Amino acid sequence: MIGDMEQLPSTEAAVGALRSIASEYAREFEVTHDIGADQTSRRSAAGVGVTADPDGSLPHEAFVEFGGLPRLSVRLYPEDDALISVEGVEFPDVPRDDVPAFLRSVLGGLAYVSARRFPPGYRLIVPLPGDRTYKERLLMVGLSPWLSARVR
């Protein structure tokens, strides 16, 4: 670890870190692996039967779902980033090395919803070590009970 950020050189290393977090917070953990350019979501133009990238490597993507509340899922991309969904709120382009800290913040109760009166709106805010935060706008309609309980 460098500071508070884990170094995750591969998708498999990230899956291992997420499995550890699931165990730490007593959460169910389910993972699906997609290996090969013809299987990963961002390489649909790879062509039929083309499994390797031009450099000869096999891209590895994983989709992880955590049981319980809040509903959490993580799609780890081969390009060293991830898409994290918290109660249906999507955080795209999260660097893979930030994913463990992001999940610990959510599962540890640090994430919260910021409410604004004018213009009216909500944001899900996930603080990370080092005074970094991730923020995503929420729809005013239909906040889940988990999100509603975290409004400040």
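Just so we're clear, the structure is a prediction, and the values are computed from it rather than from any experiment.
- Checked by atom type and distance alone, the side chain of Glu87 pairs as donor or acceptor with a backbone atom of Arg71 at under 3.5 Å.
- Between Pro9 and Ala13, the shortest heavy-atom distance links the atoms CD-CB, 3.9 Å.
- When all heavy atoms of Val113 and Leu147 are compared, the closest pair comes out as CG2-O, 3.5 Å.
- Rounded to the nearest 0.5 angstrom, Leu107 CG and Phe66 CZ are separated by 7.0 Å.
- Ala149 pairs by the side-chain contact (heavy atoms from CB on, under 4.5 Å) definition with nothing, not counting sequence neighbours.
- Thr133 OG1 to Phe102 CZ: the interatomic distance, rounded to the nearest 0.5 Å, is 10.5 Å.
- Taking OH of Tyr134 as the start and CG of Asp98 as the end, the distance is 3.5 Å to the nearest 0.5 Å.
- Remark: the backbone N or O of Ser73 is not paired with any side-chain donor or acceptor of Ser85 at under 3.5 angstrom.
- Contact of the Arg19 side chain with the Val31 side chain is registered, since non-hydrogen atoms from C-beta on lie closer than 4.5 Å.
- Considering all non-hydrogen atoms of both residues, Val15 and Phe29 come closest at O-CZ, 3.9 Å.
- Environment of CD in Glu30: sparse, with no more than 12 heavy atoms of neighbouring residues, nucleotides or ligands closer than 6.0 Å.
- Note that CZ of Arg75 and OG1 of Thr11 are 11.5 Å apart. Values are rounded to the nearest 0.5 Å.
- Here Leu76 contributes atom CG and Ile84 contributes atom CD1; the two are 8.0 Å apart, rounded to the nearest 0.5 Å.
- Hydrophobic clustering, with ILVMFWY side chains joined whenever heavy atoms are under 4.5 angstrom apart, keeps Leu69 apart from Tyr112.
- What you find for Pro127 and Ala111 is that their closest heavy atoms are CD-CA, 4.1 Å.
- By the criterion of side-chain heavy atoms lying less than 4.5 angstrom apart, applied directly or through intervening Ile, Leu, Val, Met, Phe, Trp or Tyr residues, Val89 is grouped together with Leu128 in one hydrophobic cluster.
- At least one donor-acceptor pair under 3.5 Å links the side chain of Arg96 to the backbone N or O of Leu8.
- Note: Leu72 CG to Arg27 CZ = 5.5 Å, rounded to the nearest 0.5 Å.
- At a threshold of 4.5 Å between non-hydrogen side-chain atoms, the residues Phe91 and Val99 do not count as touching.
- When the side chains of ILVMFWY residues are joined at heavy-atom separations under 4.5 Å, either directly or via intervening members, Leu103 and Tyr25 end up in a single hydrophobic cluster.
- Tracing side-chain contacts under 4.5 Å through hydrophobic residues (I, L, V, M, F, W, Y), one never reaches Ile125 starting from Leu110; they form parts of separate clusters.
- Hydrophobic clustering places Trp146 together with Leu138 (ILVMFWY residues linked when any side-chain heavy atoms are closer than 4.5 Å, directly or through intermediates).
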